[in-house]
Amino acid sequence: MKKSKKMNGSRWNGWYCSCIGPSHIANGLPNQDSARLYTSQNITAGVVCDGLGSKQYSHIGSRALTKSLISVANIFDFSKDLSLFEPLLKSLWNINKSPYSSEDCKTTLLFCIIKNSKIYIGRIGDGAIVALGKNSMIISAKDEFANITTSFGGTTKIEWKIFPEQDIDAVVIFTDGISDDIAPDHMINFAKSFVLEYKNMRSSKKEYAIYRWLKNWPVKGHSDDKTILTLAKKNK
């Protein structure tokens with residue numbers, strides 16, 4: 001008798017937390033970060049966007065992009081050319097952020113989509129993505145040493161990494177309000193510790209504990225919004 005295959009949503013857990021930065025509170029500005037999780041029988045997806053601080057409606061752009069990413073991840077045929085993903089995402093983002101302009105809604109994009117036994121990780125702009133598993137790695141932006149933050153909707157294209165699902169145990173995504181305060185050589189251990197700390201914690205307790213940790217970020221002078229999202233395989 002064939003053993004039934006586990007559905008995607010029964011193999012992965014996800015959680016996230018976002019905390020507005022002290023500088024935005026002081027200036028009466030909204031949290032410009034946005035995050036979203038989605039799990040169904042066929043797909044698990046998580047996305048984090050960080051609106052550019054210099055743009056008036058970047059918080060609207062980041063929220064619209066997280067919503068759009070989940071919608072596109074559900075309908076896109078990943079057996080096709082991945083270059084077709086971005087135009088579809090941009091079209092839906094333009095609808096969801098309407099009537100605001102792309103220039104006023106600039107935002108970064110970091111995401112992970114688990115579908116058809118593969119893990120698709122993509123990014124535009126700063127922040128960090130850490131894939132933990134067979135060969136743990138930091139998936140960095142090509143322009144990470146530049147002084148200009150790239151954003152979705154411009155000339156910069158999505159940078160993709162694809163892994164077999166069995167090679168990855170967890171993916172941790174965080175905005176630059178967190179990643180800028182962690183040395184690159186400590187980032188993988190930081191992500192591992194975060195997953196171990198919270199993976200088996202009850203949801204309500206986990207949400208409160210992570211929010212308190214972000215609010216009381218232990219780096220002197222921190223000011224930016226902070227968002228962290230994790231997708232982790234469930235215990236067998």
Side-chain angles (χ1 to χ4, degrees), residues 14-24 31-35 46-54 58 62 65-66 69 106-114 119-152 154 156-164 167-199 209-211 213-233:
W15 67 90
Y16 71 88
C17 187
S18 187
C19 181
I20 189 170
S23 67
H24 284 180
N31 185 344
Q32 292 169 329
D33 288 357
S34 183
V47 54
V48 173
C49 294
D50 179 1
L52 272 61
S54 60
S58 67
S62 64
L65 191 51
T66 58
L69 186 284
K106 285 188 172 181
T107 177
T108 65
L109 171 66
L110 309 171
F111 64 89
C112 175
I113 299 166
I114 305 165
I119 294 180
Y120 300 87
I121 293 174
R123 68 172 302 146
I124 294 178
D126 54 19
I129 304 175
V130 178
L132 301 173
K134 194 172 182 180
N135 295 296
S136 297
M137 67 174 68
I138 304 165
I139 300 167
S140 301
K142 290 177 183 175
D143 60 346
E144 64 178 332
F145 299 112
N147 268 338
I148 300 171
T149 299
T150 54
S151 60
F152 179 78
T156 304
K157 299 302 181 184
I158 293 174
E159 300 166 32
W160 291 92
K161 294 283 186 184
I162 305 170
F163 304 93
D167 288 354
I168 301 296
D169 298 319
V171 175
V172 184
I173 303 173
F174 33 101
T175 55
D176 64 344
I178 296 174
S179 64
D180 282 357
D181 290 334
I182 304 168
D185 56 340
H186 293 159
M187 205 166 280
I188 288 176
N189 284 336
F190 170 87
K192 284 180 179 177
S193 298
F194 181 79
V195 173
L196 286 172
E197 177 82 17
Y198 296 108
K199 182 176 180 179
I210 297 173
Y211 182 80
W213 169 62
L214 294 180
K215 188 176 181 181
N216 299 296
W217 189 246
V219 175
K220 190 175 181 180
H222 72 94
S223 62
D224 203 2
D225 303 329
K226 295 168 185 63
T227 300
I228 187 165
L229 180 148
T230 301
L231 297 174
K233 277 181 181 168

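Here the straight-line distance linking atom CD1 of Ile119 with atom CZ of Phe163 works out to 8.0 Å at 0.5 Å rounding. The CG atom of Leu231 lies 12.5 Å from the CG atom of Asp169; values are rounded to the nearest 0.5 Å. The distance from atom CG of Asp126 to atom CG of Asp180, rounded to the nearest 0.5 Å, is 6.5 Å. Remark: Cys49 SG to Leu65 CG distance equals 4.0 Å, nearest 0.5 Å. Rounding to the nearest 0.5 angstrom, the gap separating the OG1 atom in Thr175 from the CG atom in Leu229 is 10.5 Å. Going from atom OG of Ser136 over to atom CD1 of Ile168 covers 7.5 Å, rounded to the nearest 0.5 Å.
Although no hydrogens or angles enter the test, the distance criterion places no donor-acceptor pair under 3.5 Å between the side chain of Lys161 and the main chain of Arg123. Remark: the backbone N or O of Gln32 is not paired with any side-chain donor or acceptor of Ser58 at under 3.5 angstrom.
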CA sep, side-chain torsions, deciding dist, call: Val48, Tyr16, side chain to side chain contact (heavy atoms under 4.5 Å, CB included): CA-CA 9 Å; Val48 173; Tyr16 71 88; 6.0 Å; no
Using side chain to side chain contact (heavy atoms under 4.5 Å, CB included), reason through Ile178 and Leu214 one step at a time and then give a plain yes or no. CA-CA 9 Å; Ile178 296 174; Leu214 294 180; 3.8 Å; yes
Report the C-alpha separation of Ile158 and Phe111 in whole Å, then their side-chain angles, then the decisive distance to 0.1 Å, and conclude whether the side chain to side chain contact (heavy atoms under 4.5 Å, CB included) test is met. CA-CA 10 Å; Ile158 293 174; Phe111 64 89; 4.1 Å; yes
Give the intermediate values and the outcome of side chain to side chain contact (heavy atoms under 4.5 Å, CB included) for residues Asp181 and Trp217. CA-CA 10 Å; Asp181 290 334; Trp217 189 246; 2.8 Å; yes
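Inter-residue side-chain proximity for Trp213 and Lys226 is flagged as unmet; no heavy-atom pair is nearer than 4.5 Å. In this structure the side chain of Leu109 reaches within 4.5 angstrom of the side chain of Val47, judged on heavy atoms. The side-chain heavy atoms of Asp225 and Ser18, taken from C-beta on, include no pair separated by under 4.5 Å. Taking the side chain as every heavy atom from C-beta outward, Leu196 and Ser193 never approach each other to under 4.5 Å. Side-chain contact check for Val172 versus Phe190: every heavy-atom pair is 4.5 Å or farther apart. Residues Leu110 and Ile121 fail the side-chain proximity criterion, which asks for heavy atoms closer than 4.5 Å. Using a 4.5 Å heavy-atom cutoff, the side chains of Phe194 and Ile210 are in contact. In this structure, Thr227 and Asp50 have side chains that are not in contact, with every pair of non-hydrogen atoms separated by 4.5 Å or more.
Summarising the geometry of Asn31 relative to Cys19, their closest heavy-atom pair is ND2-C, 3.7 Å, with the distance given to 0.1 Å. Nearest heavy atom pair, residue Val195 against residue Ala232, reads CG1-CB, 4.3 Å. Summarising the geometry of Ser62 relative to Thr107, their closest heavy-atom pair is CB-OG1, 3.5 Å, with the distance given to 0.1 Å. Closest non-hydrogen pair, Gly46 versus Ile173, comes out as O-CD1, 4.2 Å. The minimum heavy-atom distance between Thr66 and Ser34, with the atom names listed, is OG1-OG, 3.3 Å.
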